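All figures in this text were calculated on a predicted structure; none of them were measured in a lab. Note that the numbering runs from 1 along the sequence shown for the chain.
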Amino acid sequence: QVPLVESGGGLVQAGGSLRLSCAASGLPFSNFAEGWFRQAPGQERKFVAAINWNGDSIKYADSVKGRFTISRDSAKGTMYLQMNRLTPDDTAVYYCAATGAYYESTTPGAYEFWGQGTQVTVSS
């Protein structure tokens, strides 16, 4: 398995920013597409953003377009999610995921590997 470890979550006021990181190790990360998903209490896990293996194809959920930016540093084996202008609706556990496919997907079932999640709480 590819261990994925998220970090960077926390408590922030509405309008603030956070940067999540997802560190991967164990397999050729540079060949993997990756994504971010989030899950609020009582809700299903939802797509946030995804990036393909070389970073030249990116997808965002409509709810985060223009506020969140996904990126990756393959040399470091790390993916990032810069989150700006946060609102209470962004409160959730955020998970990073990776797939051996080259191309990104918005569907959780397309990803073989998952991190443990990091809590993001946005206060109003």
Side-chain angles (χ1 to χ4, degrees):
Q1 292 188 347
V2 177
L4 300 175
V5 180
E6 302 99 336
S7 61
L11 174 63
V12 64
Q13 288 188 332
S17 298
L18 283 174
R19 188 193 197 201
L20 304 183
S21 299
C22 175
S25 63
L27 285 177
F29 168 81
S30 60
N31 293 339
F32 282 45
E34 294 192 281
W36 288 98
F37 292 79
R38 65 187 181 186
Q39 188 167 16
Q43 297 186 18
E44 63 183 10
R45 193 166 297 188
K46 296 181 180 178
F47 169 72
V48 176
I51 188 166
N52 77 333
W53 70 282
N54 67 357
D56 67 0
S57 180
I58 289 173
K59 293 183 173 67
Y60 293 102
D62 288 343
S63 59
V64 307
K65 278 181 183 176
R67 300 188 300 122
F68 291 11
T69 302
I70 189 172
S71 62
R72 61 187 298 165
D73 185 336
S74 294
K76 295 182 178 179
T78 304
M79 177 178 64
Y80 305 96
L81 185 68
Q82 177 66 43
M83 306 186 295
N84 298 328
R85 302 200 313 273
L86 286 160
T87 75
D89 287 342
D90 295 315
T91 295
V93 176
Y94 282 70
Y95 298 89
C96 68
T99 173
Y102 283 128
Y103 295 100
E104 74 282 14
S105 173
T106 63
T107 305
Y111 293 85
E112 300 99 283
F113 310 105
W114 291 85
Q116 81 288 353
T118 185
Q119 177 70 47
V120 171
T121 303
V122 184
S123 63
S124 58

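Side-chain atoms of Thr99 come within 3.5 Å of backbone atoms of Ala110 as a donor-acceptor pair (strictly under, hydrogens ignored). A donor-acceptor contact shorter than 3.5 Å links the side chain of Glu6 to the backbone of Gln116. The backbone N or O of Thr91 sits nowhere less than 3.5 Å from a side-chain atom of Thr121 that would complete a donor-acceptor pair. Although no hydrogens or angles enter the test, the distance criterion places no donor-acceptor pair under 3.5 Å between the side chain of Tyr60 and the main chain of Gly66. Of the possible polar contacts, none joining the Thr107 side chain to the Gly109 backbone as a donor-acceptor pair under 3.5 Å is found.
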Start with the C-alpha gap between Asn31 and Tyr102, add the side-chain angles, then the distance that decides, and say whether side chain to side chain contact (heavy atoms under 4.5 Å, CB included) holds.
CA-CA 6 Å; Asn31 293 339; Tyr102 283 128; 4.0 Å; yes

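Residue Trp36 holds its CH2 atom at 10.5 Å from OH of Tyr80, rounded to the nearest 0.5 Å. The NZ atom of Lys46 sits 11.0 Å away from atom OH of Tyr94, with the distance rounded to the nearest 0.5 Å. A distance of 11.5 Å separates OG of Ser74 from CZ of Phe32, quoted to the nearest 0.5 Å.
One hydrophobic cluster, built from ILVMFWY side chains closer than 4.5 Å, holds both Met83 and Ile51. Put simply, Tyr95 and Val120 are part of two different groups of oily side chains (I, L, V, M, F, W, Y) that touch within less than 4.5 Å, one to the next. Ile70 and Trp53 fall into different hydrophobic clusters, defined by Ile, Leu, Val, Met, Phe, Trp and Tyr side-chain heavy atoms under 4.5 Å apart, directly or through other members. Both Val12 and Val64 sit in one connected hydrophobic cluster of ILVMFWY residues. Membership requires side-chain heavy atoms under 4.5 Å apart, directly or through other members.
Heavy atoms only, all atoms of each residue included: Leu4 and Ala24 are closest at CD2-CB, 3.4 Å. Listed here is the closest heavy atom pair of Val93 and Gly117: CG1-CA, 3.8 Å. Heavy-atom minimum distance, Arg67 versus Arg85: NH1-O, 2.9 Å. Contact record, Ser105 with Ala50: O-CB, 3.7 Å, taken as the closest heavy-atom pair. Between Gly8 and Leu18, the shortest heavy-atom distance links the atoms O-CD2, 3.8 Å. The minimum heavy-atom distance linking Cys22 with Glu34 is given by the pair SG-OE2, 4.3 Å.
At a threshold of 4.5 Å between non-hydrogen side-chain atoms, the residues Phe68 and Leu86 count as touching. Annotation: side chain of Met79 is not in contact with side chain of Leu20 (no heavy-atom distance under 4.5 Å). Contact of the Ile58 side chain with the Glu104 side chain is not registered, since no non-hydrogen atoms from C-beta on lie closer than 4.5 Å. Put simply, the side chain of Arg38 reaches to within 4.5 Å of the side chain of Asp90, judged on heavy atoms.
No side-chain donor from either of Gln82 and Ser71 sits under 3.5 Å from a side-chain acceptor of the other. Between the side chains of Ser123 and Gln13, not a single donor N or O lies within less than 3.5 Å of an accepting N or O.
By the 30° and 60° cut-offs, the orientation of the rings of Trp114 relative to Phe37 is tilted.
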